[in-house]
Protein chains: 2
Amino acid sequence: MRSKTTSLRDVARLAGVSVPTASQALNGRARVSDETRRRVMEAARRLRYTPHAAARRLILGRSDSVAIVPGTNMTGIFSDLFYRAVLTGVGGVFEEAGYRMLITPPLRSASQLPQFVEMASAREIDGVLVAGVVDTRWVEDTIAAGTPVVLLDNHLSGRPVPAVVNDNAGGAYSATRYLAELGHTRIGFVGAAVDYPFGRETHDGYRRALAEAGLGPDPGLERLIPIDAERAREAAGVLLSLADPPTAIFAVTDLLALGVITAARERGLAIPADLSVVGMDDIDLASVTNPPLTTVRIAKEEMGRRAARMLLDLIRGTDVNPTIVVLPNELVVRGTTGGRR
Amino acid sequence: MRSKTTSLRDVARLAGVSVPTASQALNGRARVSDETRRRVMEAARRLRYTPHAAARRLILGRSDSVAIVPGTNMTGIFSDLFYRAVLTGVGGVFEEAGYRMLITPPLRSASQLPQFVEMASAREIDGVLVAGVVDTRWVEDTIAAGTPVVLLDNHLSGRPVPAVVNDNAGGAYSATRYLAELGHTRIGFVGAAVDYPFGRETHDGYRRALAEAGLGPDPGLERLIPIDAERAREAAGVLLSLADPPTAIFAVTDLLALGVITAARERGLAIPADLSVVGMDDIDLASVTNPPLTTVRIAKEEMGRRAARMLLDLIRGTDVNPTIVVLPNELVVRGTTGGRR
DNA sequence: TTGTAAGCGTTATCAC
DNA sequence: GTGATAACGCTTACAA
């Protein structure tokens with residue numbers, strides 16, 4: 001039982017003017033008399049008039065909304081500890097700019113045409129912000145359709161698609177280097193598959209720090225797994241069961257670090273006395289754990305803000321040359337790291 | 001440089017038919033010949049035609065999208081461990097039904113007119129799903145505008161607005177009762193402000209279990225705080241510093257329980273030997289903590305699914321009498337609880 | 001079976 | 001300053 005909509009026509013009639021005049025009056029153009037504007041405004045208020053969004057879009061050619069797309073590396077945009085912080089930053093910027101965010105369902109298989117491509121060509125959105133891993137083809141399709149795209153926490157090797165990323169290699173480097181400086185010589189690595197940029201970059205950073213510290217890489221100390229605390233627990237279990245186990249482990253994610261700590265505890269190891277652990281991300285819970293987690297703090301909200309602003313610039317045509325912004329991060333030393341026994 | 005949109009007109013021209021015929025052909029009505037339909041489909045495919053969403057909405061009168069509104073009790077819909085799971089359920093249902101979800105910015109002050117009310121009267125959305133605390137007035141405004149609303153994890157006392165809620169009282173009851181059965185007589189309570197349904201209900205459940213166990217309520221053992229791990233740490237600190245401290249604590253949220261555990265550890269207390277702790281929610285991390293957390297598992301995804309389906313029914317006019325669904329929960333005994341020393 | 005006409009609610013253009 | 005008139009892209013009603 002939907003009540004009948006009140007349209008601009010009703011407002012115009014009540015105010016005793018024509019429809020176009022009412023439109024002008026409400027949109028603040030200068031070409032109507034103060035008296036008329038007053039009457040129209042009053043009528044609109046009385047009728048609780050709200051312009052029909054679809055009608056405006058149809059004629060204005062823009063939607064004032066953007067799509068936020070969760071990449072293939074997450075099950076849901078709500079179920080990811082990392083992206084929730086990133087999106088807080090994103091949300092702030094778009095909200096302030098008067099843009100609406102449409103969250104699409106997470107991308108699944110690479111074969112299925114994602115909703116955002118459709119939305120782009122249906123002119124439902126003015127821009128797309130992709131958080132995480134995405135198929136190159138989709139991005140190109142969308143750009144070809146005339147809709148600007150900004151990548152978040154991901155970047156494409158081929159085309160110069162604007163992107164904002166964390167300095168993953170740098171973060172992994174400083175974490176590993178810090179462990180080496182503490183005197184550790186057997187430093188384990190719990191990372192992600194190297195066929196994604198994140199996995200590759202963190203692995204690179206880890207190896208580089210090792211090399212600089214004069215420690216040769218030992219593939220036996222490296223475990224590449226999906227980003228999942230449980231899998232990290234298993235992986236750390238393997239490392240700690242080695243004949244000559246590591247005395248320190250760098251996990252590329254706080255969640256993974258938590259899994260590592262669990263595995264250590266299960267074996268009766270004290271942290272950091274028997275094992276030092278460093279994560280990366282700095283999730284909210286990192287400071288509440290026991291002991292609080294030493295980690296590489298990623299500027300998540302800033303990442304989101306930067307990406308959102310880039311997209312806004314692209315939509316408005318302010319900025320035209322795409323750039324990839326690499327955000328620095330910071331090692332936060334807390335309680336899970338200590339000198340080698 | 002937005003490339004020119006390809007409209008139905010282009011498709012019709014290429015197929016050599018009129019625009020309405022093309023429309024009919026694409027929408028699968030029976031009134032066009034197979035041959036014509038084939039030609040139109042082919043033309044649409046070749047031109048990569050997508051109907052203009054705003055135009056369809058304008059004439060069809062529906063948007064096939066719903067608004068998801070984060071209530072005033074959260075800072076962001078992405079920054080809440082609980083709602084992310086709920087929304088996973090919500091998302092699944094709407095995705096399958098072909099509906100789009102618009103996530104509005106979180107509600108702030110009660111004075112500001114929220115975006116979803118505006119969207120509802122702008123006919124941008126077919127329904128609203130509010131997750132958490134919301135001002136009664138807004139809900140009534142929206143319903144009055146003809147847009148159905150379903151409440152999630154909240155319900156309004158006055159009007160019969162359809163809602164899906166967890167059995168908060170029941171959960172608090174079984175948690176507390178379990179602790180009493182373990183032999184604890186001094187059971188602390190770390191809860192939320194009682195002026196919200198959640199706070200009130202959990203408090204009620206706690207007190208009821210206490211009463212049934214023959215334990216008088218002791219206001220000195222109850223701390224009412226905002227849902228925040230840090231505040232829970234402080235609150236637990238106070239409880240544990242009592243002359244006669246509790247030997248068990250029920251925290252209304254897993255996050256709070258984590259804070260309680262931290263406070264206990266800071267005082268050198270072993271868990272569960274010196275202090276038993278029960279949370280509520282069963283966040284993903286609950287099974288990874290040290291020791292794994294005993295908690296009341298809330299059927300979060302199911303909550304989301306039920307609420308989404310209710311809204312869908314309301315939108316389609318299938319269901320007309322609003323109901324409040326109370327979902328049962330389940331005590332999951334893990335490692336943070338033990339018999340009284 | 002198909003084409004013509006009309007209209008959804010809004011804004012832009014251009015006379016008056 | 002204001003009001004016709006046209007247009008945005010699409011769909012339904014009706015006539016051919």
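To find a chain, count down the sequence lines: A is the first, B the second, and so on, and within it residues start at 1.
A/Thr21 comes within contact range of at least one nucleobase, with a heavy-atom separation under 4.0 Å. Here B/Ser18 lies in heavy-atom contact (under 4.0 Å) with a base. In this structure, B/Val19 reaches the bases: a heavy-atom distance under 4.0 Å links it to at least one base atom across the strands shown.
Side chains of B/Arg37 and B/Val40 form no contact here, defined as non-hydrogen atoms less than 4.5 Å apart. Proximity of A/Ser63 to A/Glu124: side-chain heavy atoms (C-beta onward) are nowhere separated by under 4.5 Å. A heavy-atom distance below 4.5 Å is not found between the side chains of B/Val86 and B/Asp153. Using a 4.5 Å heavy-atom threshold, the side chains of A/Ile315 and A/Tyr99 count as touching. Here the side chains of B/Val69 and B/Val134 are not in contact, with every heavy-atom distance at 4.5 Å or above. Taking the side chain as every heavy atom from C-beta outward, A/Arg48 and A/Thr6 never approach each other to under 4.5 Å.
For A/Val17, whose side chain is taken as the heavy atoms from C-beta onward, the closest listed nucleotide among D/dG3, C/dT11, C/dT2 is D/dG3. If you check C/dA12, C/dG9, D/dT11 against the side chain of B/Asn27, the one that comes closest is D/dT11.
Here D/dT2 presents its P atom at 13 Å from CG of A/Leu26, a figure rounded to the nearest Å. Atom pair B/Arg38:CZ and C/dT1:C1' shows a separation of 17 Å (rounding to whole Å applied). Look at CZ on B/Arg9: it is 15 Å from P on C/dG3, rounded to the nearest Å. The separation between B/Arg62 atom CZ and D/dT12 atom C1' is 14 Å, rounded to whole Å. In this structure, B/Arg39 atom CZ and C/dT1 atom C1' are separated by 12 Å, rounded to whole Å. Counting to the nearest Å, the P atom of C/dG9 and the CG atom of A/Leu60 are 16 Å from each other. A/Arg13 has its CZ atom 14 Å from the P atom of D/dG3, to the nearest Å.
Of all non-hydrogen atoms in A/Leu8 and A/Ser23, the two that sit nearest each other are CD2-CB, 3.7 Å. Counting all heavy atoms, side chain and backbone alike, A/Leu327 lies closest to A/Ala299 at CD2-O, 4.0 Å. The heavy-atom pair separating B/Ala122 from A/Pro51 by the smallest distance is CB-O, 3.4 Å. Heavy atoms only, all atoms of each residue included: B/Gly127 and B/Thr147 are closest at CA-CG2, 3.7 Å.
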Enumerate all atom pairs, one protein N or O and one N or O from nucleotides 13-16 of chain D, separated by less than 3.5 Å.
from, atom 1, to, atom 2, distance (Å)
D/dC14, N4, B/Arg31, NH2, 3.3

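Contact check of residues 41-59 of chain B against DNA chain C (heavy atom, cut-off under 4.0 Å) returns B/Leu58, B/Ile59.
A donor-acceptor contact under 3.5 angstrom links the side chains of B/Arg123 and A/Thr5, judged on distance only.
Put simply, B/Thr5 has no side-chain N or O that comes within less than 4.0 Å of OP1 or OP2 on D/dG9. Phosphate proximity of C/dT11 to A/Ser23: present, with a side-chain N or O under 4.0 Å from OP1 or OP2.
The terminal axes of the helix from C/dT1-D/dA16 to C/dC16-D/dG1, fitted over 5 pairs per end, subtend an angle of 50° to the nearest 10°.
Aromatic ring pairs are classed by plane angle as parallel below 30°, tilted from 30° to 60° and perpendicular above 60°; the pair A/Trp138 and A/Phe116 is perpendicular.
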